[in-house]
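Presented below is the structure to which this report refers.
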There are 2 protein chains.
Amino acid sequence: MEKNSLEGTANILKLMGDKTRLSMLGLLIKHDCCVCEFVEMFKMSQPAISQHLRKLKDAGLVKETRKGQWIFYSLNKDNQYYPLVQDVIKYIPDQEQKLILLQQQGLRISCD
Amino acid sequence: MEKNSLEGTANILKLMGDKTRLSMLGLLIKHDCCVCEFVEMFKMSQPAISQHLRKLKDAGLVKETRKGQWIFYSLNKDNQYYPLVQDVIKYIPDQEQKLILLQQQGLRISCD
DNA sequence: TCAGCATATAAGCATTTTATTATATAAGTA
DNA sequence: TACTTATATAATAAAATGCTTATATGCTGA
C-alpha cells in the first residue's frame with residue numbers, strides 16, 4: 001500500500017467531502033465530462049461548477065482538455081492520490097444514472 | 001461492496017478531511033485512547049480535542065466508555081461507514097508512533 | 001464534604017468555504 | 001466584424017468550521 005502524508009490525505013478527503021465534488025469524481029471515473037454537462041446534471045450555476053472543478057484541478061485530481069468551445073474534464077490517473085480516489089468511489093452509488101438521464105434529454109455533449 | 005448514500009459518504013469524508021480527526025482514527029484503529037492522551041499527543045487544548053471527538057461520535061464513528069475518571073474512545077465497528085474508514089486509513093502513515101512517544105514520556109493511561 | 005483531575009459544553013471570534021452576481025476571455029458562426 | 005455559446009475569474013455575502021476562554025459536570029480520594 002502506497003502511503004501518502006497525513007496532511008495531504010486529509011486535504012484530498014476534505015475535497016471529496018462535498019457531495020457535488022464527490023459525485024463529479026464518481027462520474028469522471030466512468031466518462032469525461034464538460035462543464036455544461038455538470039451544470040445541467042447538478043442544476044447548479046456555471047460559476048459554482050467551475051469553482052468546484054478548479055479545486056479538483058488545483059489538487060491535481062483532474063485534468064482539462066479543450067475540444068473546440070468545450071472544455072472536457074477527466075481524472076488524472078497519474079496523481080499520487082488516484083488510488084485513494086478510486087477506492088473511495090467504490091463506496092458511493094453509481095453516478096452513471098445522471099449521465100443517462102442527461103443523454104435522454106439530448107443534452108449530452110459528444111466530442112467527435 | 002456495500003454502498004452508502006452519496007451524501008452520507010461525503011459527510012464522513014468531510015469529517016475525515018481534517019488532519020487531527022484523521023490521525024485520531026488512525027490511532028483508534030490500533031488502540032483505544034482517552035481524551036487526555038489525545039491532548040498530549042496533538043499538543044492541542046482539551047476543549048478542541050473534545051470537540052473533534054464529539055463530531056466523530058455524532059457521526060457514529062466512535063464510541064465512548066467511562067473508566068473511572070477517564071473516558072476512553074474506541075472505533076465503532078458496527079457503523080455502516082466503518083469499512084470505508086478502514087480502507088481510507090490504509091493510505092495514511094502508521095499513527096502508532098505517536099502512542100509510542102507518549103509511552104516513553106510515561107504519559108500513557110493504562111486502563112487496569 | 002471538599003479539593004483536584006478529567007471531560008464536556010457554551011459563547012465568542014477569526015478563518016474558510018460555497019454560493020451568487022457581474023464581468024472577462026475564448027471559440028464558433030453568420 | 002459582430003453575436004452567441006462555453007468557460008473562467010473576481011468580488012461579495014452567508015454559512016460553516018475550528019479554535020479560544022470560561023464555566024459546568026462527574027469521578028476520586030483525603
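By convention in this document, chain letters (A, B, ...) are assigned in the order of the sequence lines, proteins followed by strands, and residues within each chain are numbered from 1. Because only heavy atoms are used, hydrogens play no part in the values below, and waters and symmetry mates are left out as well, while side chains stay in.
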Atom pair distance, as rounded to whole Å: CG in B:Asp18 and C1' in D:dT17 = 9 Å
To the nearest Å, how far apart are B:Ile49 CD1 and D:dG18 C1'?
-> 12 Å
Pair B:Asp94 + A:Lys3, salt bridge at N-O below 4.0 Å = no
Give the rounded distance in Å between these two atoms: CZ of B:Phe42 and P of D:dG18.
-> 14 Å
Take atom NZ of B:Lys19 and atom P of D:dC19, then tell me their distance rounded to the nearest Å.
-> 9 Å
Using heavy atoms to find the nearest nucleotide of DNA chain D for B:Met44 and A:Cys36 separately, return the residue whose nucleotide is more 5′.
-> A:Cys36
With a cut-off of 6.0 Å (strictly less than), are more than 12 heavy atoms of other residues, nucleotides or ligands near NZ of B:Lys98?
-> yes
So, B:Lys90 and B:Asp87, do they make that salt bridge, N to O below 4.0 Å?
-> yes
A:Met41 and side chain to side chain contact (heavy atoms under 4.5 Å, CB included): which partner among A:Leu102, A:Thr20, A:Ile49?
-> A:Leu102
Assign A:Lys57 to base, sugar-phosphate, or nothing according to its heavy-atom contacts below 4.0 angstrom with the strands shown.
-> nothing
So which one's nearest nucleotide on DNA chain C is more toward 5', A:Gly68 or A:Gly17?
-> A:Gly17
Presence of salt bridge, B:Lys63 and B:Asp78, under 4.0 angstrom | no
Judged by atom type as modelled, is there a donor-acceptor pair below 3.5 Å linking the side chain of A:Glu37 to the main-chain atoms of A:Cys34?
-> yes
Across the strands shown, which category fits A:Tyr73 at heavy-atom distances under 4.0 angstrom: base, sugar-phosphate, nothing?
-> sugar-phosphate
Would you mind telling me which of D:dA11, D:dG26, D:dT21 lies closest to the side-chain atoms of B:Arg66?
-> D:dG26
How do A:Thr20 and A:Gln46 order along DNA chain C: which one's closest nucleotide is nearer the 5' end?
-> A:Thr20
B:Gln51 has an atom CD; how far is it from atom P of D:dA22, in whole Å?
-> 15 Å
Separation of A:Lys55 atom NZ from D:dT9 atom C1', in whole Å?
-> 14 Å
Would you grab the first and last nucleotide of DNA chain C (5' to 3') that comes under 4.0 Å of any non-hydrogen atom in chain B?
-> C:dC5 to C:dA10
Interatomic distance where CD belongs to A:Gln69 and C1' belongs to D:dT4 [whole Å] = 9 Å
Side-chain (A:Gln95) to main-chain (A:Pro93) donor-acceptor, under 3.5 angstrom = yes
From CD of A:Glu37 across to P of D:dA6 the rounded distance in Å is 11 Å
